[in-house]
Amino acid sequence: MKTIFLFFLFVWISCNVICQNKNATNYYVDCSVVINGNGSLKNPWNSLTSVNKFTFKPGDSILFKRGTIAVGELWPKGSGNENAQISLDAYGVGSKPIIDARGSENSSAIRLSNQEYWTIQNMEVINNATTLGRRWGIYVYSDDGQIKHRIHIKNNTVHDVYASYIRTPAKETNIPSFYEVGGIYIKVEEPGKMNDVLIEDNKVTDIVGIGISFWGESEFSNGGMNWDNLSPEVIVRRNSVVHTAGDGILILGTDNELIEYNFVNGAGHLGKAGDVPGQSGRNGTDYIAGLWPTRHRNGLVQYNEVCNTHRFIGDGQAFDNDLFVMGTTIFQYNYSHDNEGGFFLDCCKPEETNTGTILRYNISQNDGKYDYLRLMKGMAQVYNNVFFTLDTIQIKDCNNSIFYNNIFWANSAKWNNNIFDYNSYYGGLIPPENDTHKITADPLFINPGSGSKGRESLEAINYWLVPHACSKEK
């Protein structure tokens, strides 16, 4: 009897999904045609107005013709469901369709608000301006206190979004902080959260704001962290972020996020130091990092390349694991080079909820000496990494972190009060006295310091020869 019931349940579910897909419709948009149609392939819509006033159903697709330009803000209505996404996509041949918001205040090229089960892919978006303001490329916003599901943003090109380079602006100017704006930006107001967010294979360039951001539960709304309100299944993968004013990638309020295979180059290069409009004193871009999670539980950050991050007053590292962290965050197999502030910042103070950061199998080449490794929380496990610089390696503001099986190559070093064992030291630095199994022989790199863009540039250098033959095993 149970088997028969399960069979009929399966048939009912299958029929329900099929019926929903049968009711799904493709709607076509071609802004190059003169006469506005009904959204069919033969008679497509020719304006964003037609799309924005329509409420789409689960399984529907909105298809923009390749090689065309639409001016204004695209804000289609409706939500999909667990059986059927609504898709925003391209059709035809040629370049991606362009949505150009033209820099209107409080605008985005593509916007969703209190919607779910959407896929946005294969679009090119622009939102350029000459004055600071609230602008985004792709902006997904939720403030109704509900759980939103399955927002997938894939294979889009987002560029020339001009919003804000100011970290803490004067209130009377109505200029937003760069934390509030950006290229691809998902914001969930508390107590809401999201489940199943995928930001993948996007190219994001020249963003006066943050390149990519997911912003969920945080203590910024006062009252402290609600750890039960973190957003699960957030994945940020294979994106390229080049030239931003603020951070390259910032992920906030997530539960066990996955950040992998991203390329971040030139975070902060569009920022500004010093005074900004409407306020005097120290209030420019001030502090940024290349790629970092914060206000989160656990998490895996791997196979990313971060380079050329700019340093203002402080920070400027490739990676950061910031305040209000629960559990263990793992940073592994990342490649960091030429970041002005240094390689890694574990900010800010020891927290009872934080069981430690793990840094392993990473390569840092020619990163800045200011805060090369600043492990303010302590309790970090740092092993099987390569740290190469012709300057100084400073391990700052941390005690009782454990370093083993690493290769340190530098002219000098400052070790602080930490635990060292089975590390390799070369290049002129003086090893810490408490590493009783230290290795001082040449690690036999080939043309060290010559790594360039791409992990493949490192293979001929032999940076990957870690752990060492006589090392402590992990």
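The first residue of the sequence shown is numbered 1, and numbering continues consecutively from there. Because the structure is a prediction, the values reported are computed rather than measured.
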List the atom of [X], the atom of [Y], and the distance in Å for their closest heavy-atom pair.
{"X": "Gln115", "Y": "Ile151", "value": "O-CD1, 3.9 Å"}
{"X": "Val158", "Y": "Ile184", "value": "CG2-CG1, 3.9 Å"}
{"X": "Asp320", "Y": "Ala289", "value": "CB-CB, 4.2 Å"}
{"X": "Ala410", "Y": "Asp391", "value": "CB-O, 3.5 Å"}
{"X": "Ala267", "Y": "Gly290", "value": "CB-CA, 4.1 Å"}
{"X": "Ser164", "Y": "Phe178", "value": "O-CB, 3.2 Å"}

In the structure I gave you, are the side-chain heavy atoms of [X] and [Y] within less than 4.5 Å of one another anywhere?
{"X": "Lys154", "Y": "Thr119", "value": "yes"}
{"X": "Ile199", "Y": "Ile249", "value": "no"}
{"X": "Phe214", "Y": "Val236", "value": "no"}
{"X": "Asn127", "Y": "Val125", "value": "no"}
{"X": "Pro76", "Y": "Trp118", "value": "yes"}
{"X": "Ile407", "Y": "Phe388", "value": "no"}
{"X": "Tyr335", "Y": "Val386", "value": "no"}
{"X": "Val188", "Y": "Lys148", "value": "no"}

Strictly distance-based, threshold 3.5 Å: is any side-chain N or O of [X] a donor or acceptor partner for the main-chain N or O of [Y]?
{"X": "Glu351", "Y": "Val325", "result": "yes"}
{"X": "Asn156", "Y": "Glu124", "result": "no"}
{"X": "Asp160", "Y": "Ile126", "result": "no"}
{"X": "Ser450", "Y": "Asn447", "result": "yes"}
{"X": "Asp100", "Y": "Arg102", "result": "yes"}
{"X": "Ser79", "Y": "Glu116", "result": "yes"}
{"X": "Gln394", "Y": "Tyr372", "result": "no"}
{"X": "Asp367", "Y": "Asn339", "result": "yes"}
{"X": "Lys377", "Y": "Cys347", "result": "yes"}
{"X": "Asn406", "Y": "Asn385", "result": "yes"}

Between Arg295 and Leu323, does a side-chain contact (heavy atoms from CB on, under 4.5 Å) hold up when you go through it step by step? CA-CA 6 Å; Arg295 284 78 176 168; Leu323 279 165; 4.0 Å; yes

Would you indicate whether Lys369, at its atom NZ, is surrounded by more than 12 heavy atoms from other residues, nucleotides or ligands within a distance under 6.0 Å? no

Taking the six-membered ring for Trp, are [X] and [Y] parallel (under 30°), tilted (30 to 60°) or perpendicular (over 60°)?
{"X": "Tyr139", "Y": "Trp136", "answer": "parallel"}
{"X": "Phe331", "Y": "Phe344", "answer": "perpendicular"}
{"X": "Tyr303", "Y": "Tyr333", "answer": "parallel"}

[X] [atom1] to [Y] [atom2] distance, which is reported to the nearest 0.5 Å:
{"X": "Tyr287", "Y": "Thr168", "atom1": "OH", "atom2": "OG1", "value": "9.5 Å"}
{"X": "Leu270", "Y": "His310", "atom1": "CG", "atom2": "NE2", "value": "10.5 Å"}
{"X": "Ile402", "Y": "Asn418", "atom1": "CD1", "atom2": "CG", "value": "9.5 Å"}
{"X": "Phe343", "Y": "Thr389", "atom1": "CZ", "atom2": "OG1", "value": "13.0 Å"}
{"X": "Asp228", "Y": "Met225", "atom1": "CG", "atom2": "CE", "value": "10.5 Å"}
{"X": "Asp143", "Y": "Ser113", "atom1": "CG", "atom2": "OG", "value": "6.0 Å"}

Tyr425: which of Phe408, Phe403, Phe387 passes ring pair (Phe, Tyr, Trp, His ring centres under 6.0 Å): Phe408

When you compare the side chains of [X] and [Y], does any donor N or O come within less than 3.5 Å of an acceptor on the partner?
{"X": "Arg150", "Y": "Tyr117", "answer": "no"}
{"X": "Ser336", "Y": "Asn362", "answer": "no"}
{"X": "Thr392", "Y": "Ser412", "answer": "yes"}
{"X": "Asp196", "Y": "His149", "answer": "no"}
{"X": "Glu189", "Y": "Tyr141", "answer": "yes"}
{"X": "His296", "Y": "Asp322", "answer": "no"}

Charged N to carboxylate O below 4.0 Å: is that the case for [X] and [Y]?
{"X": "Glu73", "Y": "Arg111", "answer": "yes"}
{"X": "Arg237", "Y": "Glu200", "answer": "yes"}
{"X": "Asp201", "Y": "Arg238", "answer": "yes"}

Side chain to side chain contact (heavy atoms under 4.5 Å, CB included) partners of Lys453, counting only residues at least two apart: Phe263, Glu305

Partner residues of Asn256 under the side chain to side chain contact (heavy atoms under 4.5 Å, CB included) criterion, sequence neighbours left out: Asn298

Could you go through the side-chain contact (heavy atoms from CB on, under 4.5 Å) check for Glu190 and Asn226 one step at a time? CA-CA 9 Å; Glu190 302 170 31; Asn226 178 1; 6.0 Å; no

Output, in order, the C-alpha distance, side-chain angles, deciding distance and verdict of side-chain contact (heavy atoms from CB on, under 4.5 Å) for Asn155 and Lys96. CA-CA 10 Å; Asn155 195 38; Lys96 294 175 181 175; 3.9 Å; yes

Start with the C-alpha gap between Val140 and Met194, add the side-chain angles, then the distance that decides, and say whether side-chain contact (heavy atoms from CB on, under 4.5 Å) holds. CA-CA 11 Å; Val140 179; Met194 288 195 177; 3.9 Å; yes

Does the ring center of Tyr404 lie less than 6.0 Å from the ring center of Tyr422? no

